[in-house]
Amino acid sequence: MHELKEQDALKENVLELKGEMSLLNVLLLRTTELAAIEKTLTEKLEKAGQLLNRSPIIVDCSTVVDQLAELDFAGLKQTLTQLGLVPVGLRQVPENLEEQVQQSGWAILRGGKAIAQVPVETEAAPQITPQSDSEPMPSRLMLLERPVRSGQQVYFPHGDIVVMQQTSAGSELLAGGSVHVYGTLRGRVLAGIQGDTMARIFCQRLEAELIAIAGRYKLLDELDASLKGQAVMVYLDDDKLKIVPI
Amino acid sequence: MSRIVVVTSGKGGVGKTTTSAAFATGLAQKGFKTAVIDFDVGLRNLDLIMGCERRVVYDLINVISGEANIHQALIKDKRVENLFILPASQTRDKDALTQEGVEAVINSLKEDGFDFIVCDSPAGIERGAALAMYFADDAIIVTNPEVSSVRDSDRILGLLQSRTRKAERGEQVREHLLITRYSPNRVASGDMLAMEDILEILAVPLIGVIPESGSVLQASNSGVPVIMDKNSTAGQAYDDFVKRFLGETVPHRFLEVEKKGFFKRLFGG
């Protein structure tokens, strides 16, 4: 009896189902020709370098709805996988094609710009593999010495982002680890984007539009007015965002 | 060695073309051989402000598509020595611009020994604006003292750091902030952003502040770049700005509210 209870308790801990804001790249199709998609995407990925490697991706069909029946869904999935992406699902699929899409192994996502709850094929956090002496460990720090401007997005899933100056309204910092801003923080900032709940955000002056750690977020409007313009630290305390002056 | 300067802002109607005309005229007045190119294909304006709209035969797109050579298209200014205008096409759109074409035009201007090539960017961040800034060595970012203009300038600064040839080579485009339509009275009353606030948000070196002035509109309508109006505050401020661009140290003017005289105070004014 006692044993059984323990097992039950254990079972409770095996998993937790949560709705969370995840960051995903979206591939907006403008054609249904697989060869053209592959060619263009290969070029784009080459430019992006390691940025998009192994990153989950959603395919948006809204602009090709009319010709969507012509798309080889299974082929598209295969192409994306071969290019090193992790296909998550299709969105904006018309009802009559849903069955066909599902049979080809795709998930169908409901529409909307910011998809909130999607079955993400989560990756294990990047392992630190022992390196030989000749190969130095890749840096876990991204240092930015110039202001981060409106419309710029800095994505660094492998560690911390340090900005020596300000960030502007309309900019976005996305870090796997923590974020430090030695100036005014005005844009959006998301730390611990791969789920690191220990990640923290530090800034000299808080004017941010949105702050998030490991998917828990707060908007500027929700911030305590007394904290605005202050030097603060943001951290997760028992699943809640805490902002304290420093 | 030619220096390529883009005049850009993101937002429309802030004074890019007025600035391009004044700037190019100012450089030429100081003895530099200067060409100013209108990149606003489809919405040709620079020729009006420069007062040469009746002399346009060939334009930038004709040169890019090989229908004319650069010497046929360049319009020599009648008032100022060393000043040449390359107008945009009014009948085409920005898709007619190609990177190779723009590069060829700029290269032929360089070969012709131009000291400065001023690129008057269209509003927006699309093809026309992107190509106007791509080859730039310097950028004049034109901003009005209001939040949306400042935000758009910030966006443009980001693009200058990533979508230019200099950026691709790991170098930096020199950035200069020019605040236009500045009205100290309206700053004092809180209607407009103060210069200090704009500088704090954008964090870019300031090269000039042009006061709001009726003479700008008047100059545009009569096709005379406002810098030639030595009596207007805007004309003088543009002249200061050109001097600063050329390395002189000139104090900023027209930043304070004008003191009202006794009679104005007495009777209102």
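Residue numbers start from 1 in every chain, and the chains themselves are labelled A, B, ... in the order their sequence lines are given, proteins ahead of strands. Below, each value reflects all heavy atoms present in this structure, side chains not excepted, and no hydrogens, waters or symmetry copies.
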Participant: Determine whether B:R155 and A:Q152 make a side-chain contact, defined as any pair of heavy atoms from C-beta on separated by less than 4.5 Å.
Facilitator: no
Participant: Write down the atom of A:Q166, the atom of B:E200, and the distance for their closest heavy-atom approach.
Facilitator: OE1-O, 3.2 Å
Participant: Around atom CZ of B:R163, are there more than 12 heavy atoms of other residues, nucleotides or ligands at under 6.0 Å?
Facilitator: no
Participant: So with a 6.0 Å cut-off around CZ of B:R92, is the heavy-atom count from everything else above 12?
Facilitator: no
Participant: Please find the pair of heavy atoms, one from A:A169 and one from B:R151, that lie closest to each other, and give the distance.
Facilitator: CB-NH2, 3.4 Å
Participant: Within the distance-only criterion (no hydrogens, no angle test), does the side chain of A:R149 pair as donor or acceptor with the backbone N or O of B:L202 below 3.5 angstrom?
Facilitator: yes
Participant: Tell me, yes or no, whether the heavy-atom count around B:E168 atom CD, taken from other residues, nucleotides or ligands under 6.0 Å, exceeds 12.
Facilitator: yes
Participant: If you count heavy atoms of other groups shown closer than 6.0 angstrom to CD of B:E146, is the number above 12?
Facilitator: yes
Participant: Counting only heavy atoms from other residues, nucleotides and ligands, does the tally under 6.0 Å from NZ of A:K39 exceed 12?
Facilitator: no
Participant: Tell me, side chain or backbone of A:S171 under 4.5 Å from chain B's heavy atoms, or both, or neither?
Facilitator: neither
Participant: Distance from A:S150 atom OG to B:L157 atom CG, nearest 0.5 Å?
Facilitator: 10.0 Å
